[in-house]
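Small disclaimer: the values here were computed from a predicted structure and weren't measured. If you read the sequence from its start, that first residue is 1, and numbering goes on from there.
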Amino acid sequence: MPAAHHGQRYALLAAGALTAATFNQATAMPSQWKRTWHGYGARVGDQMGFAATEELLRYGLSRAMSPSSPAMRCNSARTGHPFWSRVGRAATCGVVNTLVARTPSGARRPNVPLLGAIVGASAVSLAWRPERATASKGTAFVLTRIAVVTGGTAANGAWREFRAK
């Protein structure tokens, strides 16, 4: 990936982390972090720490494994096809390409670099979260974060496919 794309990606990651921290501040999540500047700083640190951990894990896992490409080609999600057909195909591609990748030989396999990074970063982030004090709350937090991040990644992939020309 060219350096300019890395800069854009990291700017978007930072903007996403600040947006999530602001939402969490407005909704007082977690409630143990008060709605003060200190609490907001804890929320920003949580989001930035999660993003950095996920990025590092994804990079390391993708380097350790053979290169892969998207599992599905999404040509019918492109302009020129009926609108609802494009929406359905883009959604399908977004979900499948989040969960599955192709090896250089064409075999399908779980998208381990992405999914492993999401699961690993979610578990690591529990180390600095107040939910770590209770096993049930910690488990619920990690599972919720995995679901939200994986779903958001799939939705982002669907949006990119839908907008591609």
Shortest non-hydrogen contact from [X] toward [Y]:
{"X": "Arg102", "Y": "Arg108", "answer": "NH2-NH2, 3.2 Å"}
{"X": "Gly120", "Y": "Leu57", "answer": "C-CD1, 3.7 Å"}
{"X": "Ile118", "Y": "Phe50", "answer": "O-CE1, 4.3 Å"}
{"X": "Arg35", "Y": "Ala28", "answer": "CD-CB, 3.5 Å"}
{"X": "Pro130", "Y": "Pro30", "answer": "CG-CG, 3.6 Å"}
{"X": "Gln25", "Y": "Thr36", "answer": "NE2-O, 3.2 Å"}

Can you check whether Gln32 reaches Arg129 side chain to side chain, under 4.5 Å on heavy atoms?
-> no
Any side-chain heavy atom of Asn24 sitting closer than 4.5 Å to one from Trp33?
->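 Side chain of Asn24 against side chain of Trp33, heavy atoms only: no contact under 4.5 Å found.
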Roughly how far, to the nearest 0.5 Å, is [atom2] of [Y] from [atom1] of [X]?
{"X": "Leu99", "Y": "Arg109", "atom1": "CG", "atom2": "CZ", "result": "13.0 Å"}
{"X": "Thr19", "Y": "Leu12", "atom1": "OG1", "atom2": "CG", "result": "10.0 Å"}
{"X": "Thr150", "Y": "Leu114", "atom1": "OG1", "atom2": "CG", "result": "7.0 Å"}
{"X": "Thr98", "Y": "Leu115", "atom1": "OG1", "atom2": "CG", "result": "8.0 Å"}

Looking only at atom types and distance, does a side-chain atom of Arg43 sit under 3.5 Å from a main-chain N or O of Phe23, one as donor and one as acceptor?
->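 Not confirmed, Arg43 side chain does not pair with Phe23 backbone.
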With sequence neighbours excluded, residues passing side chain to side chain donor-acceptor pair (under 3.5 Å) with Ser136 |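 For Ser136, no residue satisfies side chain to side chain donor-acceptor pair (under 3.5 Å) once neighbours in sequence are set aside.
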With sequence neighbours excluded, residues passing side chain to side chain donor-acceptor pair (under 3.5 Å) with Thr22 | Tyr40
Asn111/Val100 under side chain to side chain contact (heavy atoms under 4.5 Å, CB included): CA gap, chis, key distance, verdict | CA-CA 5 Å; Asn111 190 347; Val100 181; 5.9 Å; no
Verify side chain to side chain contact (heavy atoms under 4.5 Å, CB included) between Lys137 and Arg132, making sure each step is shown before the conclusion.
-> CA-CA 7 Å; Lys137 287 183 181 180; Arg132 71 184 178 278; over 6 Å; no
Under 4.5 Å between side-chain heavy atoms, hopping through other hydrophobics if needed: is there a path connecting Val119 to Leu126?
->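 Yes; tracing contacts between hydrophobic side chains, which count when under 4.5 Å, links both residues.
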Is there a path from Met48 to Trp37 through hydrophobic residues (I, L, V, M, F, W, Y) whose side chains come within less than 4.5 Å of each other?
->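 Yes, same cluster.
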Less than 4.0 Å between a side-chain N and a carboxylate O, is that true for Arg86 and Glu161?
-> no
Ser125 and Arg145: CA distance, side-chain angles, deciding distance, side-chain hydrogen bond (donor to acceptor under 3.5 Å, both in side chains) verdict | CA-CA 10 Å; Ser125 70; Arg145 184 165 256 183; 2.9 Å; yes
List the steps and the verdict of side chain to side chain contact (heavy atoms under 4.5 Å, CB included) for Glu54 and Leu13.
-> CA-CA 11 Å; Glu54 182 189 3; Leu13 283 171; 5.6 Å; no
Atom CH2 of Trp159: over 12 foreign heavy atoms under 6.0 Å |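 Counting other residues, nucleotides and ligands, CH2 of Trp159 stays at 12 neighbours or fewer.
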Quick one: side chain to side chain contact (heavy atoms under 4.5 Å, CB included) partners of Ser62, sequence neighbours excluded?
->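 Scan of Ser62 (side chain to side chain contact (heavy atoms under 4.5 Å, CB included), adjacent residues dropped) gives Pro113.
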